[in-house]
Amino acid sequence: MKARLLSGGTWICGKTNISKRLTGPQFSFIFTIQNNLSKEDKEMKKRVSVIGCGALGSIIAQSLTGMLREQYILLGILGATPQEPIKPAEELGCKAYGSLEALLADTPDYVVEAAGSDAVRQYGARILAAGSNLILLSVGALADETFRHSLGQAAEKCDCKIYLPSGAIGGLDVLRAMRLMDKDMKIRVENRKAPHSLEGAPGLAGKQLSIEREELVFSGSALEAIRSFPKNVNVAVAAALSGVGPENTTVEIVSVPGLEENSHCIYGQNKSVRVTLETSSLPDPSNPRSSTLAAWSVVSLLQNLASPFQF
Ligand SMILES: NC(=O)C1=CN([C@@H]2O[C@H](COP(=O)(O)OP(=O)(O)OC[C@H]3O[C@@H](n4cnc5c(N)ncnc54)[C@H](O)[C@@H]3O)[C@@H](O)[C@H]2O)C=CC1
Ligand SMILES: O=C([O-])CC(=O)C(=O)O
C-alpha cells in the first residue's frame, strides 16, 4: 500500500487517514489513527491540478468537474499569470493558483500540463520532487535527451510517473511494439496544417506563408522540428519517443491553404510490419494550432487510470 503526505502533514494511506511523527535516531514512525476523514478522502477520489487554461487546459478542467467527477477532484488551475485562472476557477469551483508553490501545497496526485514546453522545463522536476505524477501534453520538451533523462530520474527518485498521452494522434502502442521487434525500424511523420495554424512558429522566422499554394515548410528530424515548431509537432516527438527517437525520426511539415483539419500521418516500417496511422481532426476553435482531440486524449488517459481495465 502506498502512502502520500497531505498538505497539513497528514498522511493518507489506503482508506485510513493517519498522522505521522518521526522519533529518535532509529527513524521510526509513530502513526495515530484519525477519524476526521473528509467526504472526498473517504471516496478516495484522485486529486488533480491543471497547468494552463487555454484551449486544451479548459477542456481538461471542465471534464474533471464533469464526466470525470466520480473519479477525480479538480483542485485548482495555474496560469501564466495569477489573474489568468481566476475566472475559469470561479466557474469550475476550484482554486486559482497564484504560483507553482501554491499548486504544490495542495499535493495533487496528478498534475496535468497543458501550457507549453517552457512550463515543462520550468516546473516538471519540482512537481515530481513534490510527489505528484505528471501528465504532459507538451511532449516535445522531452525531445532533448539530457532533459528527458533528468526528468525520468526525478520521477524514479520519487516513485512518480510521467504519463505521455496520445495527444492529437493515435497508434503509439503499435510503434512501441514494432520498435521492440526491430530496433532499425523507420518512422516518418507528415504534418499538414493550414497556414494560420503554423503562424508565429520560430522556424518561420517571420516568413509569411502563401494562402494560395501548398508549401513544404520543414523537412528534417523530429528533434529539429520541435525546436522550430514547438506548438505544432509534439505529436511527432511522441511518435519518435515510441519508436526510434527524435534524432532518427523524419518529419515533414506542409502548409496547406484552405485545409480545415490538422492532419498527421505517421508511416512506420520494420522488417515485418508496415503501418500508416493517419489522424485528421478539427483544430480547437480558440487555438488553430491545437487539435481538440489532444485534450480528449488526456481525459481518456485519466479515465483509463481510474479503470480496472488498462489500455
Ligand atoms: N501532444 C499533443 O498532441 C499536443 C500538444 N500540445 C501542447 O499543448 C500545449 C497547450 O495547448 P493549447 O491549450 O492549445 O495552448 P494555448 O495557448 O491555448 O494555452 C496555453 C495556456 O498555458 C498558459 N501558460 C503558458 N505558459 C505557462 C506557464 N509557464 N505556467 C502556467 N501557464 C502557462 C497560457 O497562459 C495558456 O493559458 C501547447 O503549447 C503544446 O505544447 C498541443 C497540441 C497537441
Ligand atoms: O494539435 C495538433 O494537431 C498537433 C500539435 O499542435 C502538436 O503536436 O503540437
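Residue numbers start at 1 and run along the sequence shown. In listed order, ligands and their atoms are each counted from 1.
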Can an N or O of [X] be found at a distance shorter than 3.5 Å from an N or O of ligand 1?
{"X": "L56", "result": "yes"}
{"X": "A80", "result": "yes"}
{"X": "A55", "result": "yes"}

Return the closest protein heavy atom for [atom] as residue, atom name and distance.
{"atom": "atom 44 (C) of ligand 1", "result": "A294 CB, 3.6 Å"}
{"atom": "atom 40 (C) of ligand 1", "result": "N234 ND2, 3.4 Å"}
{"atom": "atom 30 (N) of ligand 1", "result": "Y123 OH, 3.1 Å"}
{"atom": "atom 3 (O) of ligand 1", "result": "A168 N, 2.9 Å"}
{"atom": "atom 31 (C) of ligand 1", "result": "G79 O, 3.1 Å"}
{"atom": "atom 1 (N) of ligand 1", "result": "L137 O, 2.9 Å"}

query = Would D118 count as a contact of ligand 1 if the rule is a heavy atom under 4.0 Å away?
reply =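 It does not; every heavy atom stays at 4.0 Å or beyond.
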task = Please verify whether a non-hydrogen atom of S291 lies at under 4.0 Å from ligand 1.
result =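 In this structure, S291 fails to qualify as a contact of ligand 1 - no heavy atom is under 4.0 Å.
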Side chain of [X], backbone of [Y]: donor and acceptor closer than 3.5 Å?
{"X": "K157", "Y": "A129", "value": "no"}
{"X": "R47", "Y": "D106", "value": "yes"}
{"X": "D182", "Y": "K271", "value": "yes"}
{"X": "N133", "Y": "K161", "value": "yes"}
{"X": "Q303", "Y": "A306", "value": "no"}
{"X": "Q310", "Y": "N304", "value": "yes"}

May I ask you to list the atoms of ligand 1 that are less than 4.0 angstrom from any heavy atom of [X]?
{"X": "V235", "value": "3 (O)"}
{"X": "Q122", "value": "29 (N)"}
{"X": "G54", "value": "13 (O), 18 (O), 19 (O), 21 (C), 36 (C), 37 (O)"}
{"X": "A114", "value": "10 (C), 20 (C), 21 (C), 22 (O)"}
{"X": "G116", "value": "9 (C), 39 (O), 41 (O)"}
{"X": "G52", "value": "21 (C), 22 (O), 23 (C)"}

Looking at [atom1] of [X] and [atom2] of [Y], how far apart are the two atoms once the value is rounded to the nearest 0.5 Å?
{"X": "K45", "Y": "R69", "atom1": "NZ", "atom2": "CZ", "answer": "8.5 Å"}
{"X": "L301", "Y": "L164", "atom1": "CG", "atom2": "CG", "answer": "9.0 Å"}
{"X": "R179", "Y": "L241", "atom1": "CZ", "atom2": "CG", "answer": "11.5 Å"}
{"X": "L302", "Y": "K46", "atom1": "CG", "atom2": "NZ", "answer": "12.0 Å"}

request  = Quick one: look at E84 and ligand 1, take heavy-atom pairs under 4.0 Å, and tell me if it's side chain, backbone, both or neither.
outcome  =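 For E84, only side-chain atoms sit under 4.0 Å from ligand 1.
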query = If you measure from each non-hydrogen atom of N287 to ligand 1, which part falls under 4.0 Å: side chain, backbone, both or neither?
reply = side chain
query = Given A236, S290, S58, A115, which one has a non-hydrogen atom that is nearest to atom 25 (C) of ligand 1?
reply = A115
query = Considering S166, S138, S286, A238, which one's heavy-atom position lies nearest to atom 41 (O) of ligand 1?
reply =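 The nearest heavy atom belongs to S138.
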inquiry  = Check this for me, if you would: do K231 and E199 make a salt bridge, where the nitrogen-to-carboxylate-oxygen distance has to be below 4.0 angstrom?
reply    =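 Looking at E199 together with K231, the answer is no, because their closest N to O distance does not fall below 4.0 Å.
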query = Salt-bridged, R176 to D173, with N to O below 4.0 Å?
reply = no
task = Report yes or no: do V298 and I77 belong to one cluster of Ile/Leu/Val/Met/Phe/Trp/Tyr joined by side chain heavy-atom distances under 4.5 Å?
result = yes
Quick check for students: name every N or O atom pair between ligand 2 and the protein closer than 3.5 Å, with distances.
residue	atom	partner	partner atom	Å
ligand 2	1 (O)	S291	N	2.6
ligand 2	1 (O)	S291	OG	3.2
ligand 2	3 (O)	N262	ND2	3.4
ligand 2	3 (O)	H264	NE2	2.7
ligand 2	3 (O)	S291	OG	2.5
ligand 2	6 (O)	K193	NZ	3.0
ligand 2	6 (O)	K231	O	3.1
ligand 2	6 (O)	R289	O	3.0
ligand 2	8 (O)	N232	O	3.3
ligand 2	8 (O)	N234	N	2.9
ligand 2	8 (O)	V235	N	2.8
ligand 2	9 (O)	K231	O	3.4
ligand 2	9 (O)	N232	N	3.4
ligand 2	9 (O)	V233	N	3.4
ligand 2	9 (O)	N234	N	3.1
ligand 2	9 (O)	N234	ND2	2.8

request  = Determine the minimum heavy-atom distance between G98 and A102, stating which atoms define it.
outcome  =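 Taking every non-hydrogen atom into account, N-CB, 4.3 Å.
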ask   = Which pair of non-hydrogen atoms, one from A130 and one from L104, has the smallest distance, and what is that distance?
value = CB-CD2, 3.9 Å
query = V112 and side chain to side chain contact (heavy atoms under 4.5 Å, CB included): which partner among I135, L56, V299?
reply = I135
